[in-house]
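In what follows, a structure is listed as structure tokens, so that the remarks can point back to it.
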Amino acid sequence: MSRRGTIAWCLLGTCVLALFGCAVPKKGGFGDVTTIVQDRVGHRVLWAQGTSEDAEVSQAIATLLADELSAAAAVQIALLSNRRLQATYEDLGIAQADLVQAGLLRNPVFLGVARFSDSSSSGTNTEFSLVQDFLDIFLRPARKKLAAAEFEAAKLRVANAVLILAAETKSAYYRLQGDMHLTAMLRTITEASEAANSFAQRQHAAGNIADLDLAAQRGLYEQARVELVISEAAVMSHRERLTRLMGLWGMNTQWRISERLPNIPEEELPLAHLESLAISQRLDLAAERWEVERIAKALSITIHWRYVPLLEVGMETEREPDGERVTGPSLAIALPVFDQGQARVARVESILRQSRQRMAALAIDIRSEVRDGRNQLQLARELADHYRTVLIPVREQIVAESQRYYNFMLIGVYQLLEAKQDEIDAYRGYIEAVRDYWVARANLERTVGGRLALTAARREAGHAHENEPPR
């Protein structure tokens with residue numbers, strides 16, 4: 001081989017090797033997810049990969065489970081232990097690997113050919129070539145930009161999955177707590193109804209009350225028993241749902257929470273302008289913006305290189321049977337005679353329009369979800385206040401007056417029991433309204449994209465749009 005041929009081969013090999021080989025970060029992008037989650041919900045997250053940190057987290061979970069769980073503690077356990085969330089974190093690894101892959105050149109293709117002559121006087125003909133896709137070198141920067149946009153979208157989608165899990169866990173916690181509160185009330189009512197039924201049986205045996213009065217009292221008792229069983233079944237079901245969200249099994253399922261709902265705060269956080277705030281900080285919408293940006297870049301690349309689908313450059317050397325060797329460059333270009341890329345361009349254009357429509361639809365849905373969530377929160381508060389300040393006191397007064405009338409034999413036991421049933425329904429309605437308030441608040445936080453206290457502070461500070469791709 002001539003000196004020029006040797007130099008050319010060395011230069012080509014050096015260029016390829018200089019761009020070859022890049023390690024894939026083990027937890028690429030997870031730091032950004034951690035920051036977003038800490039900023040939005042104030043909880044720690046962990047990507048379990050068999051490190052010493054995993055054991056520390058297990059100990060932290062055990063410490064939380066040793067005490068009565070609060071809603072915040074349940075959310076923290078879910079974010080550390082939920083296996084589906086851990087599976088979602090692997091999307092980061094996939095996107096990170098794709099980003100690294102986008103920065104690598106395609107491997108050069110080596111071809112070797114040996115031809116043997118049927119004449120003993122002739123030598124062997126050998127041919128060697130090394131070909132590299134030269135178009136791949138030009139497209140490498142653009143390909144990296146596409147992968148980087150997808151990586152940013154993946155980080156936002158993963159962070160959004162964390163926020164959704166946090167909201168679902170908090171909502172499940174309050175649903176369970178509300179059912180436990182209601183069950184405790186029904187258990188007390190059932191015990192009181194049982195005592196009243198036993199007393200009525202003794203009165204009936206003594207001839208002090210009629211058969212109808214005894215039957216009415218027993219009916220109230222049996223109805224209370226049925227409602228208690230239904231409520232206990234709801235507690236068991238909602239407890240298992242919360243256990244699943246927290247990712248617990250075995251002995252860790254023996255956790256405890258308070259059976260009484262917290263009171264509704266006297267002052268509600270400002271709920272104005274939540275629509276625009278949600279548009280600015282919802283992570284799924286930000287991920288859609290990055291997706292639109294990525295497809296727009298892909299369309300630009302497709303249009304720019306539509307006429308050059310293949311461009312290969314290489315070196316070839318061939319040894320003739322007489323011993324002479326010839327060496328020189330090679331070039332292969334696909335001629336755009338039949339396929340000029342028009343179909344590829346049209347396809348990406350349709351995908352881009354589709355992505356923009358999806359983003360617009362998501363923005364509309366977000367605004368509607370915020371309005372609906374705000375209405376549900378306000379309605380639950382108003383309903384709970386009405387039960388507490390108006391309906392329950394009225395029902396209690398009616399029961400007291402009915403008891404007094406019954407004692408003077410002015411009304412029958414059936415009317416007294418009906419008044420007591422109305423009072424029970426009022427208590428039940430109040431507990432359900434308080435439960436619905438906390439559930440609605442958790443859902444509204446998910447819809448807005450962060451804790452309501454934090455979003456209110458951001459609004460006051462004029463928080464700018466974040467996590468958006470360049471316009």
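Positions are given from 1, in the same order as the sequence printed here.
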Would you compute the distance between atom [atom1] of [X] and atom [atom2] of [Y] and round it to the nearest 0.5 angstrom?
X      : Y      : atom1 : atom2 : result
Leu220 : Glu194 : CG    : CD    : 12.5 Å
Leu261 : Leu176 : CG    : CG    : 9.5 Å
Gln421 : Ile424 : CD    : CD1   : 5.0 Å
Arg294 : Leu352 : CZ    : CG    : 10.5 Å
Ile366 : Ser280 : CD1   : OG    : 10.0 Å
Trp438 : Ile264 : CH2   : CD1   : 7.5 Å

Restricting to non-hydrogen atoms, name the atom on [X] and the atom on [Y] that form the minimum distance, rounded to 0.1 Å.
X      : Y      : value
Val41  : Ala166 : CG1-CB, 4.5 Å
Leu299 : Glu349 : CD1-CG, 3.6 Å
Pro262 : Gln177 : CD-OE1, 3.3 Å
Ser402 : Ala419 : OG-CB, 3.7 Å
Leu104 : Arg143 : O-NH2, 3.0 Å
Phe138 : Pro141 : O-CD, 3.3 Å

With the side chain counted from C-beta on, respond yes when [X] and [Y] share a heavy-atom pair under 4.5 Å apart, and no when they do not.
X      : Y      : answer
Ser355 : Arg289 : no
Glu268 : Arg381 : yes
Val45  : Leu80  : no
Gln281 : Val448 : yes
Glu445 : Arg40  : no
Ile301 : Val348 : no
Arg306 : Gln342 : yes
Asp372 : Gln376 : yes

Item to complete: Go through Glu168 and Tyr173 one step at a time and tell me if the side-chain hydrogen bond (donor to acceptor under 3.5 Å, both in side chains) criterion holds.
Response: CA-CA 8 Å; Glu168 288 181 348; Tyr173 179 94; over 6 Å; no
Worksheet item: Are Leu69 and Met246 close enough, and set up right, to give a side-chain contact (heavy atoms from CB on, under 4.5 Å), and what steps lead you there?
Response: CA-CA 12 Å; Leu69 286 181; Met246 292 192 293; 4.0 Å; yes
Test your reading of the model: is there a side-chain donor-acceptor pair from [X] to the backbone of [Y], 3.5 Å cut-off?
X      : Y      : value
Arg374 : Leu271 : yes
Asp136 : Leu105 : no
Asn197 : Tyr221 : no
Ser350 : Ala346 : yes
Thr169 : Ala74  : no
Asn375 : Arg371 : yes
Ser237 : Ala233 : no
Thr253 : Trp249 : no
Ser300 : Ala296 : no

Worksheet entry | Sequence neighbours excluded - salt bridge (Lys or Arg N to Asp or Glu O under 4.0 Å) pairs with any residue from residues 351-367 | Glu275-Arg367
Practice prompt. Any salt bridge (Lys or Arg N to Asp or Glu O under 4.0 Å) involving residues 244-267? Give me the pairs, sequence neighbours left out, ordered by first then second residue.
Written response: none
Fill in: Face-on cation placement of Arg239 at Trp255 ring, 6.0 Å and 45° thresholds
yes
Practice prompt. Any chance you could lay out the side-chain hydrogen bond (donor to acceptor under 3.5 Å, both in side chains) test for Glu227 and Gln223, step after step, and finish with the verdict?
Written response: CA-CA 6 Å; Glu227 292 179 354; Gln223 181 65 32; 3.1 Å; yes
Worksheet entry | Result of checking Arg157, Lys297, Lys145, Lys155 against Glu150 for salt bridge (charged side-chain N to carboxylate O under 4.0 Å, His left out) | Arg157
Atom [atom1] of residue position [X] - does it have more than 12 heavy atoms of other residues, nucleotides or ligands inside 6.0 Å?
X      : atom1 : answer
Gln397 : CD    : no
Arg347 : CZ    : no
Arg175 : CZ    : no

Worksheet item: Yes or no on side-chain contact (heavy atoms from CB on, under 4.5 Å) for Lys170 and Arg446, after CA distance, side-chain angles and deciding distance?
Response: CA-CA 10 Å; Lys170 189 179 293 187; Arg446 176 197 60 80; over 6 Å; no
Worksheet item: Yes or no on side-chain contact (heavy atoms from CB on, under 4.5 Å) for Glu222 and Arg225, after CA distance, side-chain angles and deciding distance?
Response: CA-CA 5 Å; Glu222 296 299 336; Arg225 290 181 59 189; 3.4 Å; yes
Just list the side-chain donor-acceptor pairs under 3.5 Å for residues 83-97, sequence neighbours left out, or say none.
unit_1: Arg83; atom_1: NH1; unit_2: Ser81; atom_2: O; d: 2.5
unit_1: Arg83; atom_1: NH1; unit_2: Ser81; atom_2: OG; d: 3.4
unit_1: Gln86; atom_1: OE1; unit_2: Ala48; atom_2: N; d: 2.8
unit_1: Gln86; atom_1: NE2; unit_2: Leu46; atom_2: O; d: 2.7
unit_1: Thr88; atom_1: OG1; unit_2: Arg84; atom_2: O; d: 3.0
unit_1: Glu90; atom_1: OE2; unit_2: Trp47; atom_2: NE1; d: 3.0

Worksheet entry | Pair Tyr427-Glu396, side-chain donor/acceptor within less than 3.5 Å | yes
Discussion item. Could you go through Arg435 and Asp179, starting from their C-alpha distance and side-chain angles, then the distance that decides it, and tell me whether this counts as salt bridge (Lys or Arg N to Asp or Glu O under 4.0 Å)?
Written reply: CA-CA 8 Å; Arg435 177 202 63 195; Asp179 287 339; 3.6 Å; yes
Practice prompt. For side-chain contact (heavy atoms from CB on, under 4.5 Å), just list the numbers for Leu377 and Asp436, CA-CA rounded to whole Å, side-chain angles, deciding distance to a tenth of an Å, and then say yes or no.
Written response: CA-CA 8 Å; Leu377 184 70; Asp436 292 345; over 6 Å; no
Worksheet item: Any Lys/Arg nitrogen of Glu401 or Arg404 sitting under 4.0 Å from an Asp/Glu carboxylate oxygen of the other?
Response: yes
